[in-house]
Structures are given as C-alpha cells and as structure tokens.
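Just so you know, ligand 1 is whichever comes first in the structure, and atom 1 is the first atom listed for that ligand. Values below: every heavy atom of this structure, side chains too, minus hydrogens, waters and symmetry copies.
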Amino acid sequence: MSTAEWEPVGCRQRKIRHANVPPQIEAHRYVSPVDSDIFVRVSAKKRIAVIPGDGIGKEVIPQAVRVLEAVGADLAFTHFDWGADRYLADKTTVPPDGFAMLGRDFDAILVGAFGDPRVPSNIHAKEILLGMRFKMDLYANIRPVRLMDASLCPLKGVEPKDVDFVVIRENTEGVYTDAGGVFKQGTPDEIAVQEDINTRKGVERIIRYAFEYCERHTKSDGSKRGRVLMCDKSNAMTHAGGLWQRVFKEVAGENPQIKAEHMYVDALCMQMVRDPRQFDVIVTNNMFGDIITDLAAGLQGGLGMAASGNIHPGKTSMFEPVHGSAPPIAGKNVANPLGAILTAAMMLAHLGMASEAARIEGAVLEAVRQKKVTQDVGGSLGTREAGEWVARNVSGRVS
Ligand code: ATP
C-alpha cells in the first residue's frame, strides 16, 4: 500500500511495528484529524505474478509494469515465461503446481495474451489461460466499457458520458469447457458436438455478482449505477436460457432497488451500436460475453483500449487486457499499450490502491486527449513511447 493514501491534509501519520504483525509487513497508525479516533491498518507489499505470454502481450505488459512502477505502488513483481516460447523449448505449458503456486504465493496476476502461429493447436494458450480461469475458479470476468474521449468512438454524437457500462461475463462454464466430441471424423457422416455447460451454482453466483457490483460501484462521473441487464438467447437455447431466466428473476426479486432488464443477445448487439447510453451493468454467459465485449471495445477505440479482470472474490485474481496476442502486429512496436495499462489500474483498484489506480487512469486520459498514443487511436507513438509517456505523466514528470 502506498503511503500516498495516508496523506490527507492535516493528518498525522507514523509507522509503527506491531507485535503480532510479521516483520515483512508494515503497520501504519493513522490518527484522524477529525475525532482523534485511532485505528490501525496493516499493509504489505502486494506480490504480483507477471505473465506477458505471447505476441503483443510481450510488448504491452512491460509498459504496464513500467507505469505501475512509476505510480509508486508498493508492489513486488515476479516474472514468468509461460507461453509459446517456453512450450516450444521444453513442452511446458504450466509447470506442476503452477496454479496452486499462483494462488498461494501471489496477491494478483497480470497477464498479457496467449496465441502463437507456431503452435497451431493453441494447446499452451488453452492450458495457461483457460486453466487459470477454470482451475483457479475465476468466475467473474469484469470488462468495463468506458469511452475516454469522443474522438475514439466511431458513432457520431456520442460523448464519454454516453458510454460507461460494464459487462460481467461468466468465466468458467458455457461452451468454453470443451465438453463434447467428434464422431466419424473425416467422413461425410462426421458429427461434432460442443456442449454448453450451465450449472445452477455457476449461473447464480455470476448473477449475484452482477447485482452486488451494481450496488457497490459508481460510474466514472460518480453517479450511481442502478440497472442490471441479463443477456441471453433463451428464445432459441431454451434449456440453458430457462435456467438463466429463472435464476435472474429470483435474484432480481431479492434486489428490488436495482432495475432488472433483459435483452436477447442479437437485439443487444444492435442496440449497443444504435444507442450505447442505455446500458449500465450487463451480465451474460461466457461466449456472449466474449463476443459482445469485442463489439463494445469498438465503442471505446478498439481492442487496444479495453481492460479486464478475472475475479474470484477473496482469492488471487487475474487481470488481462481484452485483446489477444495479435500476431500480425506483434514485434513491431505498434501495439497499443493502454488496454494493458488500464488493466494494471484495475488490478490496483482491486488490491485497495484506489488513488494510484485513479492516477493511472488520469494519465491515460491525458495521453488520449494529447494524442500521445499509438496509431490505432490516432497518434504516432510506438508501444514503448506511449508507455513511457504515461509513466512519465503518472510520476509527474510531464504536464
Ligand atoms: P483472442 O481470440 O486471442 O482474444 P482475437 O482473435 O480477438 O484474439 P486479437 O489478437 O485481439 O484477436 O487482435 C485482433 C486484431 O485487433 C489485431 O490483429 C490488431 O489489428 C487489433 N489489435 C488487437 N489488440 C491491439 C492493440 N493492443 N493495439 C493495436 N491493435 C490491436
């Protein structure tokens, strides 16, 4: 935790050592200027596992780390080489005990992207990324959709205040479980079955998460959130859709203060382009969440601007930009690092470092306004130069 958080005007702050606090943890005693109540908060360096992965992940994640260092957050980084290079070198995707180690030894994980044309099966991506989501049970994929500047939106007349919603995607079930099989492969009678897994537990916890998120979070301008929209295709996919419908009605009934809405996924795609102002919190399944957040990224300036977190409350969570490894542009210093940098800010907010997160978001906003950005969002900087600009702004070295 940064000491910056402990510097409101007129406050006295001093470091103390507590008998029951391990030596690697610093305890701060904070004396309130208002009522002299004394309370103690315990802080420790947050341990971050950094896994850049493949393609542009290896370019944007170093920029995100550079910005995290510049903001002065109290973090300790450990870097991992999981990805295509490692897989091609020794066939390791995830080392034995890898996921247990991440959950045990780290407070958060910062990930780039996986996918490399040299591994056509994409087996490493599946085992690392889906492995992390499934085996660490990171069931809530939070994807904020926020327009930073009107110039980034392809829709005419749309302002930043008009695009500020969040998609909450179920992250551990659906068609991504790879249940199914192929029968009579390679023959004219071939049959391919891809199962869509929806459990009561999985559906209920993601819908509850969406209502709680709506309750606890405000929009960027500080106004309250108040609506949760469930997106499905229950008119065609009646079995899974029926379960989602029943659970949604039940949980909505327990939260009468929040307006519950519903839209079929096809209608939602049309509405997102026609009028994005109407969305607040959207909850949906794994596949629809994947698809609609690429569409939503288009409203924000493209995939290079979109951030995400893979969360299990109370457990080590993982943060990754929405974009993939983008092989066509990898290694050219042209990838936009802002999605990864905003992802790093999300991670800080999740770890309780809200002021540092806000400083990073402010610097990104400034970069966008001043066009100190990559070509995809209207600038002329390279990946490294754009990252450096944000890092310098965050540390107060540019205005
Ligand atoms: P995945 O399925 O792994 O998420 P994807 O198929 O959605 O990946 P991406 O790798 O995300 O595809 O990228 C698709 C295209 O979007 C890229 O080829 C590139 O043109 C553009 N793109 C993605 N990320 C960025 C970025 N950070 N900066 C600039 N352009 C990007």
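Contacts between A113 and ligand 1, counted as non-hydrogen atom pairs separated by less than 4.0 Å, are absent for every part of the residue.
Scanning the protein heavy atoms around atom 3 (O) of ligand 1, the nearest turns out to be G324 CA, 3.6 Å. With hydrogens left out, the protein atom closest to atom 15 (C) of ligand 1 is L303 CD1, 4.5 Å, a heavy atom. Of all protein heavy atoms, the one lying nearest to atom 25 (C) of ligand 1 is I56 CD1, 3.9 Å. Atom 24 (N) of ligand 1 has its closest protein heavy atom at H323 CB, 3.2 Å. Of the protein's non-hydrogen atoms, the one nearest atom 27 (N) of ligand 1 is N336 O, 3.1 Å. Regarding atom 10 (O) of ligand 1, its nearest protein heavy-atom neighbour is A326 N, 2.8 Å. Among all protein heavy atoms, the one lying closest to atom 7 (O) of ligand 1 is D294 OD2, 3.8 Å. Among all protein heavy atoms, the one lying closest to atom 30 (N) of ligand 1 is I329 CD1, 3.5 Å.
N255 and E212 share no side-chain donor-acceptor pair at under 3.5 Å. In this model, a donor atom of one side chain and an acceptor atom of the other lie less than 3.5 Å apart for T172 and E170.
For ligand 1, the atoms closer than 4.0 angstrom to any heavy atom of S325 are 10 (O). Each of the atoms 26 (C), 27 (N) of ligand 1 lies under 4.0 Å from some heavy atom of G304. Ligand 1 places these atoms under 4.0 Å from at least one heavy atom of A335: 28 (N).
Ligand 1 lies out of reach of V60, whose nearest heavy atom is not under 4.0 Å from it.
Note that the CG atom of L75 and the CD1 atom of I48 stand 5.0 Å from one another [nearest 0.5 Å].
For an aromatic pair to be called close, the ring centres must be under 6.0 Å apart, and F80 with F106 satisfies this.
Atom 12 (O) of ligand 1 is never approached by the protein to below 4.0 angstrom, counting heavy atoms only. Not a single protein heavy atom sits closer than 4.0 Å to atom 21 (C) of ligand 1.
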Working note: F319 + H350, criterion ring pair (Phe, Tyr, Trp, His ring centres under 6.0 Å); need CA distance, chi angles, decisive distance, verdict. CA-CA 10 Å; F319 296 81; H350 178 80; 5.3 Å; yes
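Judged purely by atom type and a 3.5 angstrom limit, T92 has no side-chain atom pairing as donor or acceptor with the backbone of P95. Remark: side-chain polar atoms of D85 are not paired, donor with acceptor, to backbone N or O of G83 under 3.5 angstrom.
With respect to D164 and R146, no salt bridge is recorded, no charged nitrogen being found less than 4.0 Å from a carboxylate O.
Heavy atoms from other residues, nucleotides or ligands lying under 6.0 Å from NZ of K224 number 12 at most.
Figure legend: R169 and Y176 shown as a cation-pi pair, the cationic atom lying under 6.0 angstrom from the six-membered ring centre and within 45 degrees of its axis.
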